[in-house]
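The structure appears below as structure tokens.
Start at 1 with the first residue, then count along the sequence. Every value quoted in this text rests on a predicted model; they were computed, and no experiment measured them. Computed over heavy atoms, backbone and side chain alike; hydrogens, waters and symmetry mates excluded.
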Amino acid sequence: MSQKAESKPQGGQRGKGTPVYGGGPPGGAKGGDRPRRRREPEEEVWVPKTILGQKVASGEISSLEEIIELGLRIQEAGIIKKLLPDLKSEVVDVGIIQKMTSNGQSTRFKAIVATGNENGYLGIGQGKSKQMRIAIEKATNAAYLNVNPIKLGCGSWECRCDQKHSVPFKVRGKGGSVTIEIIPAPRGLGLVAGGKIKRLLELAGLKDAWTTAKGSTPTMNSTSKAILDCLRQTFSQG
């Protein structure tokens with residue numbers, strides 16, 4: 001009987017039907033897929049829910065001063081965004097709140113956010129949550145609802161110009177144990193204040209001023225309230 005010789009592939013050669021693993025299109029892309037583009041967060045369309053919001057959206061009310069003169073209460077952040085689209089928001093301070101409960105220790109975050117357009121408007125808000133992102137969002141929304149107009153001017157006897165670079169007169173405000181006094185300064189002097197206080201005054205639109213502070217100024221919750229109390233008086237008394 002004749003035996004058939006089995007054909008074997010030579011050394012280093014694969015058979016025709018042998019699958020090859022590890023191959024793929026060049027560049028490591030699967031099936032020639034293009035790189036995915038990062039989606040940008042879409043801005044939510046504001047739908048007014050209050051009567052005041054509907055009046056602002058329709059154009060019946062076109063300024064924040066008109067709302068204050070009528071004594072109306074702002075309950076939607078979209079009203080401020082509609083009337084003042086150039087507002088900037090900055091996180092002033094963040095912290096941790098720890099408390100012992102019957103279930104153990106609970107931890108929450110708190111944030112203080114300031115918003116202003118560097119031209120006569122400033123608002124400060126505070127928010128708390130178990131997540132830092134949500135705390136900042138709450139503080140930002142509260143800052144929009146707390147925006148106040150500020151009257152700028154030149155109250156310095158050394159300058160006596162007609163430009164709006166300082167406060168029109170000396171003002172004093174209090175928040176907790178902190179007392180802050182803002183004194184008008186001549187043009188070109190700059191803001192004589194600490195780091196965070198200086199940034200809040202810049203958001204309000206002040207360029208030249210002297211400041212004095214008493215109390216626990218590192219406590220930004222009290223310090224921010226004192227600054228806002230100071231700047232409110234420029235509009236209410238002026």
Test salt bridge (charged side-chain N to carboxylate O under 4.0 Å, His left out) on Glu118 and Arg199 and set out the steps. CA-CA 10 Å; Glu118 298 181 354; Arg199 185 52 191 156; 3.6 Å; yes
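- Residues Leu122 and Asn148 are not in side-chain contact: their nearest non-hydrogen atoms beyond the backbone lie 4.5 Å or more apart.
- Side-chain contact between Phe109 and Ile134 is absent, with no heavy-atom pair separated by less than 4.5 Å.
- Side-chain atoms of Leu83 and Ile67, non-hydrogen and from C-beta on, do get closer than 4.5 Å to each other.
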One pair to check against salt bridge (charged side-chain N to carboxylate O under 4.0 Å, His left out): Glu76 and Lys49. What are the steps and the verdict? CA-CA 8 Å; Glu76 297 181 77; Lys49 300 179 181 179; over 6 Å; no
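- Considering all non-hydrogen atoms of both residues, Asn221 and Ser224 come closest at O-OG, 3.1 Å.
- Across every non-hydrogen atom of Thr223 and Thr217, the tightest pair is OG1-O, 2.7 Å.
- Between Thr211 and Leu201 there is a side-chain heavy-atom pair separated by less than 4.5 Å.
- Cluster membership for Ile112 and Leu231, using ILVMFWY side-chain heavy atoms within less than 4.5 angstrom, is shared.
- Proximity of a side-chain donor or acceptor of Thr179 to a complementary backbone N or O of Lys214 within less than 3.5 Å is not detected.
- Between His165 and Cys159 there is a side-chain heavy-atom pair separated by less than 4.5 Å.
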Should Ile124 and Val92 be marked as a side-chain contact (heavy atoms from CB on, under 4.5 Å) after you check the CA-CA gap, both sets of side-chain angles, and the distance that decides it? CA-CA 9 Å; Ile124 299 173; Val92 177; 5.9 Å; no
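- The line from CG of Asp208 to CG of Leu191 is 6.5 Å long, rounded to the nearest 0.5 Å.
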Kindly indicate, with the supporting measurements, whether the criterion side-chain hydrogen bond (donor to acceptor under 3.5 Å, both in side chains) is fulfilled by Thr219 and Ser216. CA-CA 6 Å; Thr219 307; Ser216 180; 3.1 Å; yes
